[in-house]
Amino acid sequence: MERLKMWLINQPIKTALLRLILIGTIISGVLILGYLVLWNLLMNVLLRFISKWVITGVSLYFIGAIGGSFLILYIVMNLTARFFYQIKMARPLKQLNSGVSRIKAQDLDFHLHPTSSDELGSLVEAFETMRQALKSALQTAWQLVDEQKQVNAAFAHDLRTPMTVLQGSVELLELQGNDPQLIQESIHGIKRQLDRINAFIQIMSHLSAVQNMQLVPSSLTPEKLEGLLKDETNQLATEKSIVWQVDFRTPTTDQLKLSSEAILEIFDNQMSNAIRFAKTKITVCLTVSHDQVEIRVENDGQPLTHTEQINAKLPYFSNGKHGKHLGVGMYICEKLCEAHHGHFTINNQPAGKGVVTAALIKPLA
C-alpha cells in the first residue's frame, strides 16, 4: 500500500485519477466475477427447494446477481475515491484552508510546504509565494507608516521652537509700546522664525515628493553617467577640493537602464553632506559594471560617533555638534536606493580619516 501511495502521490491529478479508476474497475470486475460464481452455486442449491416456482427462482437469481454486483461496484469505487482524496487532495486542501484562515486573522507568520509535485503541490507553493509577498508588502507598509510618524513627530518638534519664539515676540511687541528699536528687533526675529518655518515646509514637501517618486528609467552609458555627476558637482559652491576616481568595469558604450533623476538626487545629498562636514578634501569614487553602479563619496571630516552611525539615516536625526539635520538627506538616499533595487550605507573611514557614504544601485528592468 505504501508503495502504491508513493507511486501516485507525485503524479498529475488526472493521471492518478485515471489509474485509480482503472485499478478500481479491475478489482470490481474480479470481485463481481467471484460473487457471481458463488451466487450461481448458491442458487443451484436453492432451486432444488423452489423448483415449483420457476418465475420466483429466476427473479431471485437475477435480482441477487445484479444487485450484488452493483453493491460491490459501489463499495470498491467509494473506497477508491476515498483513497484518491486522502492521497492527492486532503493534505494540500488542509494546508490551503489553514493558510486562508490565518491570513484572515492577519497572521502571516507561518509557512506552507508542498507535500507533492502535482498541480495541488504547485498551488500550495504559489500560495506560499503569495504569503511571502503579502508579508513583505505589509512590513513595508508598516515601516512607511512608522517612518511617517517619526517624520511628523520630528517636524512637530522642530516647529515648536519657532512657534514659541514667534509667540514670545508677539507678546513682547504688545508690552514694549512705541519703542522703534525694540519693534524693529522683534520684526527681524519674527522674520527669521518665519524663514525657518518655510524651510521646514519645503523640506517636508520635498520629502513627500521623493517618497511618491515614480522612477522612470532612461538609457545611460557609463560615460554619460560620469558626465551627469561631474556637471552636478560643478554647480556646487565649495572651496574644498574634489578628487574623482572612476572605474568602468563594462564597455563605455553599454546602455544601462537607470533613473537619472533618482541618481542625481542621491548624489546631490551625498555631496551636500560631504561639503558640510569635510575639512579640505572630498573624494568621489564611481564604479560601473554591467549589473550595478556604486557611488562612494568620502570626506576627511570628523568621524561619526556610535550613536550618529546608528541613527544617521533616520528621518530628521540631528547631531548636537552642528545643530543641523543629518537624517533627511541620508533618509532620502536610502529610500531612493531601495527603489532602485540597491541599498545605501554611511560609515566611518578606517583610522578615523572621515566619513564615507556609499550608494549602490542596480539597473531597472
Passes side-chain contact (heavy atoms from CB on, under 4.5 Å), Leu17 versus Phe84? Steps please. CA-CA 7 Å; Leu17 180 60; Phe84 173 80; 3.9 Å; yes

Begin with the C-alpha distance, continue with both residues' side-chain angles, and end with the deciding distance and a verdict on side-chain contact (heavy atoms from CB on, under 4.5 Å) for Glu226 and Leu286. CA-CA 8 Å; Glu226 179 188 5; Leu286 174 63; 4.0 Å; yes

How long is the span from the CG atom in Leu134 to the CD atom in Gln139, to the nearest 0.5 Å? 10.0 Å

Which pair of non-hydrogen atoms, one from His341 and one from Pro363, has the smallest distance, and what is that distance? CD2-O, 3.9 Å

Does atom NZ (Lys240) have a neighbourhood of more than 12 heavy atoms from anything else shown, all under 6.0 Å? yes

For Asp118 versus Pro12, what's the shortest heavy-atom pair and its separation? CB-CA, 4.3 Å

Would you say that more than 12 heavy atoms from the other residues, nucleotides or ligands in this model lie under 6.0 Å from the NZ of Lys135, or not? yes

Does a donor on one side chain sit under 3.5 Å from an acceptor on the other, for Ser116 and Lys88? no

Among Val297, Ile266, Thr345, find the one that has a side chain to side chain contact (heavy atoms under 4.5 Å, CB included) with Thr357. Val297

Closer than 4.0 angstrom, basic N to acidic O: yes or no for Lys230 and Glu232? no

Mind checking whether Thr115 and Pro92 have side chains closer than 4.5 Å, heavy atoms only? yes

Under 3.5 Å, is there a donor-acceptor pair between the Gln235 and Asp231 side chains? no

So Met43 and Leu60, do their side chains get closer than 4.5 Å, heavy atoms only? yes

Which pair of heavy atoms, one from Arg296 and one from Val356, lies closest together, and at what distance? NH2-CG2, 3.6 Å

Measuring from atom NZ of Lys257 to atom OG of Ser219, what distance do you get when rounded to the nearest 0.5 angstrom? 3.0 Å

According to a hydrophobic-cluster definition based on side-chain heavy atoms being under 4.5 Å apart (Ile, Leu, Val, Met, Phe, Trp, Tyr only), do Leu138 and Met130 belong together? yes

Could you check Arg131 against His111 for side chain to side chain donor-acceptor pair (under 3.5 Å), going step by step and ending with a plain yes or no? CA-CA 8 Å; Arg131 181 201 65 81; His111 296 278; 3.2 Å; yes

In this structure, are over 12 heavy atoms from other groups packed under 6.0 Å from Gln255 atom CD? yes

CG of Leu229 to CD1 of Ile295: how many Å apart, nearest 0.5 Å? 5.0 Å

Hey, quick one: are Ile13 and Leu93 part of the same hydrophobic cluster, counting side-chain heavy atoms closer than 4.5 Å, chains of contacts allowed? yes

Nearest non-hydrogen partners of Leu20 and Thr80, listed with the distance: O-CG2, 3.5 Å

For a quick test of reading the model, state the closest non-hydrogen atom pair linking Glu308 to Pro303 and the distance between them. OE1-O, 4.4 Å

As an exercise, state the distance from CD1 of Ile361 to CD of Gln292, rounded to the nearest 0.5 Å. 9.5 Å

Between Leu258 and Phe248, is there shared hydrophobic-cluster membership here, with clusters defined by ILVMFWY side-chain heavy atoms closer than 4.5 Å? yes

Please confirm whether the backbone N or O of Gln11 pairs with a side-chain atom of Thr15, one donor and one acceptor, at under 3.5 Å? no

So do the side chains of Leu22 and Leu18 get within less than 4.5 Å of each other, counting heavy atoms only? no

Hey, does Thr253 have a side-chain heavy atom less than 4.5 Å from the side chain of Glu223? no

Would Val216 and Glu261 count as a side-chain contact (heavy atoms from CB on, under 4.5 Å) if you check the C-alpha gap in whole Å, the side-chain angles of each, and the deciding distance to 0.1 Å? CA-CA 8 Å; Val216 179; Glu261 183 181 1; 6.0 Å; no

Can you measure from CZ (Phe267) to OG1 (Thr233) and round to the nearest 0.5 angstrom? 3.5 Å

Looking at Phe70, I want to see if its CZ is surrounded by more than 12 non-hydrogen atoms of other residues, nucleotides or ligands under 6.0 Å. no

If you define the side chain from C-beta out and look only at heavy atoms, does anything of Thr221 sit under 4.5 Å from Asp254? no

Walk me through whether Leu256 and Leu225 qualify under side-chain contact (heavy atoms from CB on, under 4.5 Å). CA-CA 9 Å; Leu256 303 177; Leu225 176 60; 5.6 Å; no

What about Ile282 and Leu236, same hydrophobic cluster or not, with Ile/Leu/Val/Met/Phe/Trp/Tyr joined at side-chain heavy-atom distances under 4.5 Å? yes

Has Glu128 got a side-chain atom pairing as donor or acceptor with Leu112's backbone, closer than 3.5 angstrom? yes

If you measure from the Lys or Arg side-chain nitrogens to the Asp or Glu carboxylate oxygens, is any gap between Asp109 and Arg102 under 4.0 Å? no

Heavy-atom pair with the smallest gap, counting every atom of Ile72 and Ser28: CG2-O, 4.3 Å

Heavy-atom side-chain proximity of Glu338 to Phe344 below 4.5 angstrom: no

Taking a hydrophobic cluster as the set of Ile, Leu, Val, Met, Phe, Trp and Tyr residues connected by side-chain heavy atoms closer than 4.5 Å, whether directly or through intermediates, do Val246 and Val284 fall within one such cluster? yes

Does Ser101 use its side chain to pair, donor to acceptor, with the backbone of Asn97 at less than 3.5 Å? yes

Throw together a table of side-chain donor-acceptor distances under 3.5 angstrom for residues 31-40, partners on residues two or more places apart or in other chains.
{"unit_1": "Tyr35", "atom_1": "OH", "unit_2": "Gly64", "atom_2": "O", "d": "2.6"}
{"unit_1": "Trp39", "atom_1": "NE1", "unit_2": "Tyr61", "atom_2": "O", "d": "2.9"}
{"unit_1": "Asn40", "atom_1": "OD1", "unit_2": "Tyr61", "atom_2": "OH", "d": "3.2"}

Do Val355 and Asn347 have side chains that get closer than 4.5 Å, going by heavy atoms? no

A side-chain contact here means heavy atoms from C-beta on lying under 4.5 Å apart; do Pro217 and Ser259 qualify? no

Does Thr280 offer a backbone N or O that forms a donor-acceptor pair with the side chain of Asp300 under 3.5 Å? yes

d(Leu228 CG, Leu220 CG) to nearest 0.5 Å is 6.0 Å

